[in-house]
Structure formats: C-alpha cells, structure tokens
Number of protein chains: 2
Amino acid sequence: MARSMHVRRPATLASLAAELGVSRTTVSNAYNRPDQLSPELRRRVLETARRLGYPGPDPVARSLRTRKAGAVGLLLTENLSYAFRDPAAIGFLEGLALACEDAGTGLLLVPANPEREDVAAVHRAGVDGFVVYSVPDDDPHLAAVLERPVPTVVCDQPDLGNVDRVGIDDQAAMNSLARHLIALGHRRIGVVCMRLARDRNDGYVTRERQRSAHFHVQRARLAGLAEAFAEVGVEWSAVPVVERFDHTIASGASAAAQVLDRDPQITALICTSDILALGALGEARKRGLNVPHDLTITGFDGIREAEQAGLTTVRQPVLEKGRAAGKLLLDPAERTRPRSVTLSTELVVGATAAAPRGAVEERWFGP
Amino acid sequence: MARSMHVRRPATLASLAAELGVSRTTVSNAYNRPDQLSPELRRRVLETARRLGYPGPDPVARSLRTRKAGAVGLLLTENLSYAFRDPAAIGFLEGLALACEDAGTGLLLVPANPEREDVAAVHRAGVDGFVVYSVPDDDPHLAAVLERPVPTVVCDQPDLGNVDRVGIDDQAAMNSLARHLIALGHRRIGVVCMRLARDRNDGYVTRERQRSAHFHVQRARLAGLAEAFAEVGVEWSAVPVVERFDHTIASGASAAAQVLDRDPQITALICTSDILALGALGEARKRGLNVPHDLTITGFDGIREAEQAGLTTVRQPVLEKGRAAGKLLLDPAERTRPRSVTLSTELVVGATAAAPRGAVEERWFGP
DNA sequence: TGAAGTGACCGTAACGGTTCAGAACCAATT
DNA sequence: AATTGGTTCTGAACCGTTACGGTCACTTCA
C-alpha cells in the first residue's frame with residue numbers, strides 16, 4: 001500500500017549493486033565484461049536485474065562516460081521528408097545507411113528545417129560525427145556542425161579545406177555532357193537548374209547569381225556548361241537559364257515552359273537534374289514537340305526513372321557517395337589531413353538527345 | 001612550446017567558468033536561459049567560449065542531466081538500407097520524418113541487422129522513444145525495445161497490449177479485395193506472399209505456416225483471403241500459396257512463375273504487396289498471358305508504381321501511418337492507457353482484374 | 001524606515017555510468 | 001616459508017552538464 005504511494009524510482013546500476021551487496025563495478029562488468037566475474041555472480045546480477053526491472057545500463061550515461069554515442073548525424077537542411085522524395089537523396093541515404101550498418105552505428109537524421117533557422121538541433125545531437133549532404137555553403141546549420149568537435153564529412157560541397165569531402169567533379173561531368181551536345185550540333189540552348197541559393201527565385205538567373213550560387217553542385221554544373229559552350233563561341237550571357245526552388249517534376253515542366261515560351265528557337269534544353277528533365281520531357285510532349293528531333297532534353301544524376309524514360313544524362317554513383325561518406329567518417333584509420341574522395345561519372349547516351357534539325361540539313365547539303 | 005607538449009584538454013563548461021571566475025550555473029544559463037544573467041556577462045561568457053574554443057554544452061551530458069535525448073529511434077529489422085528500397089517503407093519514413101520535424105526531434109535509424117542477432121544497438125540508442133515498423137513478432141530486437149523504459153509505438157504489429165499501436169485492418173482490407181475478385185467470378189486462385197517468418201522459405205506454404213506467421217501483416221492478409229474464399233466454398237488448403245523471402249520485383253516474378261507452372265488453371269493471382277504484383281505482372285507478360293483476361297493480378301499497398309501500372313490493389317496511407325506513429329510517440333498529452341490508431345484503406349479497382357473467361361461464358365450461357 | 005520585491009548569480013547534489021589501479025584470496029611453484 | 005600468478009571483486013575518480021534552492025545587493029513602496 002504505502003509502497004505504491006510514492007513513485008518508485010527506476011532501478012539503476014547503483015541500486016542494483018546495493019541490493020546485491022556488490023560494487024557498481026561488478027554490476028557494470030556483468031553487462032560489459034562477462035569474463036571479469038564468476039558466471040554464478042553474473043547470473044545472480046542478471047536475475048536480480050530482471051526482478052527489479054532494471055533495463056540495463058543507461059545508454060546516455062554510458063555515452064557520456066565512454067565518449068561514444070554510437071551514431072552519426074546526417075544534416076540535410078531540407079525538410080527532413082524531402083530526403084525521402086528525391087531519388088538521388090534516397091540513393092545517398094541508402095549508401096550511408098549501408099556503411100553505418102556495417103559499422104553497427106546508428107544514423108541520426110537531424111531536423112534542420114531551413115525555414116526556422118534553429119540550429120539547436122545540431123547542438124543537441126549526440127553523435128560521433130556528421131555527414132553533411134548538399135546544403136548551401138552559407139547554411140547556418142553547416143556552420144554549427146563545423147563548430148562541433150567531431151569529425152565531419154561533407155558531400156556535394158565545395159572543398160572546405162579542413163574536413164573530409166566526398167563528391168564528383170560536377171563541372172567536368174556537365175562539361176562532357178555539353179561537349180556531347182555540341183558535337184551533335186547544338187548551339188542554341190536553354191538551361192533549367194535547381195535552386196542556387198536559400199532564397200526563392202523561380203525564374204531567369206543572372207550571370208552574377210550563377211557565379212555566386214551557394215549550392216556548389218549547381219554552380220559547378222553551370223560552370224561546366226558555360227565553359228564548354230564558350231569554347232565554341234556561344235555567348236553564355238545570352239543563354240537563358242531558369243531556376244526553380246522546388247525540385248519536382250512539376251517544377252521542371254514549368255521551367256521548361258518558361259524557357260520555351262521566350263526562346264522557342266532553342267534546340268536543346270539542358271537540365272541540371274533528372275527530375276527537372278522528366279518535367280521538361282512532359283512539357284515538351286504536351287506541346288507536341290518531338291524529342292529529340294524538335295528538342296533535345298538532358299538531365300543529370302542517372303536515376304532509375306530517367307533510365308526508363310531513355311533520358312540522355314550523366315550517371316553519378318549516388319549510393320556509392322553515401323557509402324563513401326560513411327566509410328570515411330567511420331574509418332578508424334589515421335585521421336590525418338582531410339581526405340577527399342572524388343567518384344567518377346558516366347555520360348549516358350539516351351534517346352532524348354539528337355542532332356538538331358538544322359545540323360542535319362547542314363550535313364545533308366554540306367561538301 | 002611547452003603548451004603544445006601535452007594534449008590540450010578540451011574546454012568544458014567548468015573550465016570556462018573557472019576562466020571567467022563565475023559559477024558553472026552562470027555559464028550554463030548563458031546558453032540555455034539568457035534572461036537569467038545580464039547581457040554584458042553573457043556577452044563575456046560567449047566571447048571567452050569562442051576564445052577558448054568551447055563548442056557549447058555537450059549534448060550527451062545535457063541529455064543525461066535533462067533525461068531528454070531529443071531523438072526517437074526507429075527499428076526496422078531489415079538491413080537498414082532496405083528501408084530505402086521499398087516504396088511503402090519510404091512513405092512510412094517520410095511520414096515519420098515529418099512528425100519528427102514538426103516536433104524538432106531527431107530520428108535515429110537503429111541498425112538491427114537480422115543476421116547477427118546483435119541487440120546491443122537497441123541498448124546503445126540514446127532516444128526518448130521507439131517506433132517499431134513491421135518486424136516479426138518474435139524478433140529479439142523488438143523484445144529489447146520493449147524492455148527499454150521509454151514509450152514505444154509499434155506499426156504493422158499485432159496488438160501488444162501495453163504499447164501504442166498504429167496500423168490498418170489488413171484482414172478486412174484483403175477480405176474486401178477478395179470479395180471483389182469473388183464477385184468477378186474467380187474461384188481458382190493462387191497467392192504470392194512476402195516472408196512469413198525469419199527463416200527463408202522460398203516456396204509453397206503450409207496452412208500451419210500461414211497460421212503461425214510471425215509477420216502480423218502477412219498473416220492477417222492471408223487470413224482475410226482465406227475467410228472470404230471459404231465463404232464461397234473454396235477449400236483454402238487447396239489454394240497454392242507461395243512465399244518469398246526477398247521483397248523484390250524479381251521475387252514476385254519467380255513466385256508467379258512457380259504458381260503458374262504448377263497450377264496453370266488459376267484465373268487470379270493475388271499478391272500481398274504491389275512490389276510482388278509488379279513482378280507477377282512482368283512474368284505474365286513474359287508468358288504471353290493477357291492480363292486481366294487470361295489472368296487477374298492484384299497487389300496491396302497502393303504505391304505509385306502500381307498506380308502507373310493500373311494495378312488493382314488496396315491503397316493504404318503509408319505516409320499517414322508514419323506520421324501517426326510519430327505523433328503518437330511525441331504527443332505530450334496524457335499518456336494513459338495504450339492508444340491504438342487504425343487507418344482506413346481503399347480498394348483500388350485498376351485494370352489488372354476482370355472476370356475470368358470462364359465466368360464470362362457462364363454468364364453468356366447462363367439463364 | 002522597514003518590509004517586500006526583484007535581478008543576478010552561486011553551491012551543491014545529482015544524472016547513471018565506466019575505468020583503472022589495487023586488495024583479498026587461493027593455489028601452485030620455488 | 002616465501003614468492004608468483006591468476007581470479008574475482010572493490011573504491012574512488014571521472015564524464016560534463018543542469019535542477020534546485022538558495023544568497024545577496026539593490027530597488028520600491030507604504
């Protein structure tokens with residue numbers, strides 16, 4: 001009766017030890033180092049634990065003492081749920097999860113909603129390290145992560161100099177795609193890209209905004225395009241580049257519409273992601289344009305949906321990126337100077353790119 | 001020089017307080033309750049922190065003291081990466097992530113590889129609660145979670161009596177799908193289901209194994225089928241039920257092949273998931289069967305790929321399931337008796353189910 | 001002028017463990 | 001008899017923080 005009046009304090013290692021008349025050390029050993037005590041005593045400890053409802057050593061207290069959390073944090077800076085909607089992000093997550101699993105480590109998704117600039121979640125995260133995936137380089141969450149005294153791996157970020165990095169050569173990859181289109185004869189192009197900064201700017205992009213883009217990946221891809229087309233005399237500032245904040249198929253479609261409305265004479269529409277390209281593909285179809293003969297459309301990423309659509313694109317190893325990031329972070333090896341892993345990409349020649357009609361005629365009537 | 005000889009102990013709240021000549025409490029307040037000290041002192045504290053390289057209060061120590069981890073654990077018991085491959089699981093994750101985000105809480109993916117029965121990860125997880133999603137009811141990880149003294153929400157599990165639950169009525173949902181097929185005239189059916197227990201059993205399933213299946217969802221769906229078909233006089237033990245351990249399109253195809261090879265006279269193949277059904281669809285196509293006229297095929301889940309394929313299936317609100325689980329877990333409201341949320345499902349009549357040829361003839365020649 | 005407030009800061013006691021250097025004991029060896 | 005070695009268990013320090021209940025100086029008000 002009276003027993004039930006006060007809240008029964010939950011059992012702890014100490015109370016268990018007291019009950020048994022042994023030291024805390026011994027109880028701890030019963031759980032963590034069975035070889036340090038006699039089997040008989042261990043049995044008694046575990047049995048008493050069960051009787052008292054002791055759930056085993058508290059993970060947080062243990063983490064404090066051992067300085068190991070057994071988890072890595074992942075910073076995405078999108079609404080967390082975004083990660084589960086974008087195929088490339090999912091692939092990355094899968095790779096990262098694989099690496100974590102191999103190491104028996106948990107993966108903590110850190111809520112980093114870009115709207116409320118609440119960095120507290122980064123400070124609260126009990127993790128042994130961070131992986132940062134594709135956030136703007138001026139993101140306060142990224143800054144908060146870098147201040148934490150734990151190892152960090154950034155992915156799809158510019159080289160920060162003092163942390164490990166995983167990525168691809170976006171500029172070179174996009175450059176090679178551009179050269180492919182140039183070889184096909186394209187000179188009048190339009191571009192659809194993902195968001196370039198934290199502010200929403202659904203529309204045309206100035207040269208300056210391209211240069212100062214805070215998303216490294218987008219900046220590099222645009223640079224790769226500009227570089228290639230400049231070489232063949234295309235004046236980049238005349239190339240229409242349209243940006244979309246939301247990374248969805250619908251965004252791709254509307255962006256394509258915007259470009260085609262103003263510049264119907266373009267022969268190729270280069271998108272900086274497959275998702276956007278799939279949207280553009282839909283828009284072209286809606287307009288009765290024959291892809292690739294009326295309009296070439298290309299993407300970037302190499303997601304499965306793109307493959308099914310026969311998209312000409314650049315395939316990047318998203319799963320490997322995640323896995324590499326995890327391995328780098330969890331690798332107990334010498335953590336000397338910051339390491340950098342650059343994975344290779346592959347130009348996927350699909351069915352959505354072909355010589356523009358003009359180029360075909362040129363060849364036809366040529367010498 | 002000499003300074004660099006020994007490892008500089010990282011700054012702590014205490015060392016910072018000592019340096020400043022104030023109490024630890026004050027430093028703590030500088031971070032957590034700015035209103036508790038003068039702006040001037042707070043400024044000094046933060047500045048000194050920067051100078052000493054103090055990264056702010058240690059999250060683990062804080063968690064220990066406040067008894068809040070700021071994260072919820074998710075137990076999946078598949079290879080972690082599985083979650084990122086199955087559309088239904090992804091939808092669940094997305095919903096759960098949304099709920100966590102709303103609450104500013106992290107989401108910890110607990111590595112629970114079913115192969116090595118290593119429950120340690122569950123013990124190590126510093127979380128304020130657990131969500132358990134679709135694990136076998138005899139899974140040791142589940143048992144370990146239930147022993148932890150934190151609130152838990154199970155999803156797609158049998159009612160455990162003492163923890164919150166989120167799910168759908170799998171039996172009723174499958175029952176209504178079955179009735180739909182029965183109304184169409186189907187009596188000779190085959191079934192393809194997901195794994196029923198932790199052991200691999202790629203092949204026919206005995207009645208006993210169905211009854212004792214450790215995956216509640218599969219057991220309930222099979223029961224719903226059996227129930228409906230028994231009502232119209234179909235002897236369930238004669239119905240071929242084939243199980244597949246791996247939940248992939250390829251598995252669905254091979255399972256369909258296995259059924260069709262032995263029982264080519266069936267008019268409908270009922271799959272307990274869309275993924276399996278998509279595989280079956282492929283196999284049917286490969287065999288030159290006309291779906292639905294030669295063979296009716298149905299799924300379960302209502303994933304997007306199924307919709308695109310025009311699959312007749314049952315749609316369940318996977319995202320809502322995740323969100324509901326998160327809300328239940330994070331809801332600060334009266335945590336009285338265990339709560340149970342059952343979400344509704346919807347029969348999706350697609351293009352992969354039709355009356356069997358026989359039934360058409362019957363009607364043709366009927367009275 | 002004395003009582004009651006108020007703002008700013010502090011001391012102590014947890015929070016629940018792990019770890020490491022021994023202590024105590026016993027058997028076997030020298 | 002003294003030494004050695006091995007097991008089994010203990011004591012005390014430590015991990016870094018926050019909660020709680022103060023103290024103390026300085027208004028404010030009747």
Side-chain angles (χ1 to χ4, degrees), chain A residues 7 9-46 48-49 52-70 120 123-128 148-150, chain B residues 7-45 48-49 52-70 120 123-128 148-150:
Chain A
V7 182
R9 298 276 315 253
T12 70
L13 195 129
S15 68
L16 189 52
E19 173 85 14
L20 282 157
V22 302
S23 74
R24 305 209 302 283
T25 303
T26 299
V27 178
S28 176
N29 284 336
Y31 285 93
N32 302 317
R33 302 159 152 190
D35 57 313
Q36 294 294 307
L37 37 56
S38 63
E40 162 56 16
L41 179 54
R42 180 169 136 91
R43 199 193 52 68
R44 270 182 56 219
V45 170
L46 265 35
T48 308
L52 264 51
Y54 176 64
D58 180 282
V60 176
R62 168 185 281 160
S63 282
L64 174 60
R65 182 63 239 230
T66 62
R67 314 262 59 193
K68 290 255 156 289
H123 290 143
R124 235 195 327 254
V127 295
D128 300 322
R148 290 276 306 263
V150 294
Chain B
V7 182
R8 158 119 97 239
R9 301 272 318 250
T12 71
L13 197 122
S15 68
L16 189 53
E19 173 84 14
L20 281 158
V22 302
S23 76
R24 302 207 296 278
T25 303
T26 300
V27 178
S28 175
N29 283 337
Y31 284 94
N32 302 317
R33 301 142 98 152
D35 58 312
Q36 295 293 306
L37 38 58
S38 64
E40 161 59 16
L41 178 56
R42 181 170 135 92
R43 198 192 51 69
R44 272 182 55 219
V45 171
T48 308
L52 264 53
Y54 175 65
D58 180 284
V60 176
R62 168 186 282 159
S63 283
L64 173 59
R65 184 64 241 231
T66 62
R67 315 260 60 194
K68 288 256 154 291
H123 290 142
R124 233 196 328 256
V127 295
D128 300 322
R148 289 277 305 262
V150 293

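In what follows, chains carry the letters A, B, and so on, assigned in the order in which the sequence lines appear, proteins first and then strands, with residues in each chain numbered from 1.
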- Would you say the base of C:dG16 and the side-chain of A:R62 have a donor-acceptor pair closer than 3.5 Å? no
- Message: Less than 4.0 angstrom from a charged side-chain N to a carboxylate O is my criterion; do B:D58 and B:R65 meet it?
- Response: no
- Message: Looking at B:R33, I'd like to know whether one of its side-chain N or O atoms comes within less than 4.0 Å of OP1 or OP2 on C:dA8.
- Response: no
- Value in whole Å for how far the C1' atom of D:dC15 lies from CG of B:D58: 9 Å
- Task: May I have the distance from B:E40 (atom CD) to C:dA8 (atom P), rounded to whole angstrom?
- Result: 12 Å
- Residue closer to the 5' end of DNA chain C, B:R65 versus B:Q36 (nearest nucleotide): B:Q36
- What's the spacing between B:S63 OG and B:D128 CG if we round to 0.5 Å? 7.5 Å
- Note on the structure: Against the side chain of B:V22, the closest entry in D:dA13, C:dC10, D:dT17 is C:dC10
- Is the distance from OP1 or OP2 of C:dA8 to the nearest side-chain N or O of B:N29 less than 4.0 Å? no
- Query: Where each residue is assigned the nucleotide of DNA chain C containing its nearest heavy atom, which of B:A61 and B:T26 is assigned the position nearer the 5′ end?
  - Reply: B:T26
- Rounding to a whole Å, what distance do you find between B:R24:CZ and D:dG22:P? 19 Å
- A:L13 has an atom CG; how far is it from atom P of C:dA14, in whole Å? 17 Å
- Task: Find the distance A:L41:CG to C:dA24:C1' and express it as a whole number of Å.
- Result: 15 Å
- Query: Are a donor atom and an acceptor atom from the side chains of B:S28 and B:T25 found within less than 3.5 Å of each other?
  - Reply: no
- Is B:R67 near enough to C:dC15 that one of its side-chain N or O atoms lies under 4.0 angstrom from OP1 or OP2? no
- Return no unless some side-chain N or O of B:S63 is found under 4.0 Å from OP1 or OP2 of C:dC15. no
- Query: Is it the case that A:R42 and A:N29 place a side-chain donor and acceptor less than 3.5 Å from each other?
  - Reply: no
- Message: With hydrogens left out and only the distance checked, is there a donor-acceptor pair under 3.5 Å joining A:T12's side chain and the base of C:dG17?
- Response: no
- Item | Whole-Å gap separating P (C:dC9) and CG (B:L20) | 11 Å
- Message: Please enumerate all residues that pass side chain to side chain contact (heavy atoms under 4.5 Å, CB included) together with B:A14, with sequence neighbours excluded.
- Response: B:T12, B:R24
- Message: How long is the straight-line distance from OH of A:Y54 back to CG of A:L13, given to the nearest 0.5 Å?
- Response: 4.0 Å
- Query: Do the side-chain N or O atoms of B:S28 get closer than 4.0 angstrom to the phosphate oxygens (OP1, OP2) of D:dT18?
  - Reply: yes
- Task: Report which part of the nucleic acid A:L64 touches: base, sugar-phosphate, or nothing (heavy-atom distance under 4.0 Å, all strands).
- Result: base
- Take the protein atom CG of B:N32 and the nucleotide atom P of D:dC20, then report the distance between them rounded to whole Å. 14 Å
- Verify the contact: side-chain N or O of B:Y54 to OP1 or OP2 of D:dT17, cut-off strictly under 4.0 Å; return yes or no. yes
- Phosphate OP1/OP2 of D:dA19: any B:T66 side-chain N/O under 4.0 Å: no
- Query: For D:dT10, does OP1 or OP2 lie under 4.0 Å from any side-chain N or O of A:S23?
  - Reply: yes
- Note on the structure: B:R124 CZ to C:dG17 P, in whole Å, measures 16 Å
